[in-house]
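Down below is the structure, laid out as structure tokens.
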2 protein chains.
Amino acid sequence: MTEPDRRNTRQRRAVEATLRQTSDFVSAQELHAKMRSGGDSVGLATVYRTLGLMADTGLVDMIRAEDGEARYRLCESDEHHHHLVCRDCGRTVEVEEPAAEQWAAEMARSHGFTNVSHTLEIFGTCDACA
Amino acid sequence: MTEPDRRNTRQRRAVEATLRQTSDFVSAQELHAKMRSGGDSVGLATVYRTLGLMADTGLVDMIRAEDGEARYRLCESDEHHHHLVCRDCGRTVEVEEPAAEQWAAEMARSHGFTNVSHTLEIFGTCDACA
DNA sequence: GTAAATGCAAAAGTTTTGCACCAGA
DNA sequence: TCTGGTGCAAAACTTTTGCATTTAC
């Protein structure tokens, strides 16, 4: 149960750097294409593997688009928060709602559920895309 | 822009009947397997098409599991509500949170987002599965 | 009779995996 | 060197689609 090594590879640096240039949620495929066209070529499988790792560690936020596709973003806030996401351009606003956290926890506990996680995301069309 | 015909086929009846026997969220694949083993054989594509239709009409609720798979359920309540779902067995409790509705709408409006939808689901392990 | 619905198989799309090779530490 | 990482291609999955056939109305 000890932590595995974490090697600082060119590919991981590239993924992180590209995410840093992107303020919107992007899919693994989009990120891969973006890197490819930016000259920082990395295998698609590596992009998936790296994003998965970063999501596990909490380095990136992952949400599911309405079609079920996973989208990733390097978030400003360390604390748990939610997102208001433009369905068309991916533009994202981070929002907080401590009341929802408590509500979800309370609700789960009162029904005997443990190991709880919750999703709360808002999708819409931003004014620029309207 | 008129409503298309809605034919009452054996297959649609079978999908609805099977959903009625199921209190948990099921995926299209699971439903298809369940029907098949129950003798009510229906093509997988038809299951997908039917569930899609029912979801559009609001006859079933659709949520995304944590892995992005779509899961469906015939819900008791007509009003918009949310779910507390067991990650292991799919056992589901319907929960309401009117405050979240308002909060989401308000948040979206104040940032200039329109055509808003939101997701709020709680996943956990129920006591029977713990 | 006619438009809608079905079934099948093929296609599309995302994500995962097996494995030989490569490279941090 | 030794173990983890990478790349590629293949595989695994879910979901969608094209099209000939069937069927509800």
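In what follows, chains are A, B, ... by sequence order, proteins preceding strands, each numbered from 1. Because only heavy atoms are used, hydrogens play no part in the values below, and waters and symmetry mates are left out as well, while side chains stay in.
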**Prompt:** So, is B:Arg12 close to the C:dT6 phosphate, meaning a side-chain N or O under 4.0 Å from OP1 or OP2?
**Reply:** yes

**Asked** Judged by modelled atom types alone, do A:Glu66 and B:Ser117 share a side-chain donor-acceptor pair under 3.5 Å?
**Response** yes

**Pairwise 5' ranking along DNA chain D for B:Ala70 and A:Gln11, keeping only the more 5' one** = A:Gln11

**Request:** For A:Asn8, enumerate each residue passing the side chain to side chain donor-acceptor pair (under 3.5 Å) test, keeping only those at least two apart in sequence or located in another chain.
**Result:** A:Arg13

List every contact pair, protein side and nucleotides 20-24 of chain C side both N or O, where the distance is under 3.5 Å.
unit_1, atom_1, unit_2, atom_2, d
C:dG24, N2, A:Arg7, NH2, 3.1

**Message:** With a 3.5 Å distance limit and no angle check, can you tell me whether A:Arg91 reaches the backbone of A:Asp24 through a side-chain donor-acceptor pair?
**Reply:** no

**Request:** Check the angle between the aromatic planes of A:His80 and A:His118 and answer parallel, tilted or perpendicular using the 30° and 60° thresholds.
**Result:** perpendicular

**Prompt:** Within this structure, what is the CG-to-P distance between B:Leu44 and C:dA12, rounded to whole angstrom?
**Reply:** 18 Å

**Message:** Regarding A:Glu16 and A:Arg12, does a basic nitrogen lie under 4.0 Å from an acidic carboxylate oxygen?
**Reply:** no

**Asked** For residues 17-38 of chain B, which residues have at least one heavy atom under 4.0 Å from DNA chain C?
**Response** none

**Message:** Walk me through whether A:Gln11 and A:Thr50 qualify under side-chain contact (heavy atoms from CB on, under 4.5 Å).
**Reply:** CA-CA 9 Å; A:Gln11 289 85 341; A:Thr50 304; 5.6 Å; no

**Item:** side-chain contact (heavy atoms from CB on, under 4.5 Å) between B:Met107 and B:Val116, intermediate numbers included
**Value:** CA-CA 10 Å; B:Met107 197 57 77; B:Val116 176; over 6 Å; no

**Message:** If the test is side-chain contact (heavy atoms from CB on, under 4.5 Å), which one of A:His83, A:Glu121, A:Arg71 qualifies with A:Thr92?
**Reply:** A:His83

**Request:** Measure from CE on A:Met62 to P on C:dT14 and round the result to the nearest Å.
**Result:** 15 Å

**Message:** Using side-chain heavy atoms (C-beta onward) and a distance below 4.5 Å, is A:Leu51 in contact with A:Leu19?
**Reply:** yes

**Request:** Verify, without hydrogens or angle tests, whether A:His82 (side chain) and A:Thr119 (backbone) share a donor-acceptor contact under 3.5 angstrom.
**Result:** no

**B:Glu94 side chain vs B:Glu76 backbone, donor-acceptor pair below 3.5 Å** = yes

**Request:** Find the bend of the helix from C:dG1-D:dC25 to C:dA25-D:dT1 as the angle between its two terminal axes (five pairs each), to the nearest 10°.
**Result:** 30°

**Request:** Whole angstrom is fine here: how far is it from CG in B:Asp40 over to P in C:dG7?
**Result:** 11 Å

**Request:** Would you please name every residue forming a side chain to side chain donor-acceptor pair (under 3.5 Å) with A:Glu96, sequence neighbours left out?
**Result:** none

**Message:** Give the residues of residues 45-54 of chain A touching DNA chain C, defined as any heavy atom closer than 4.0 Å, sorted by residue number.
**Reply:** A:Ala45, A:Tyr48, A:Arg49

**Request:** Taking the side chain as every heavy atom from C-beta outward, state whether A:Arg73 and A:Ile63 have any pair of such atoms under 4.5 Å apart.
**Result:** no

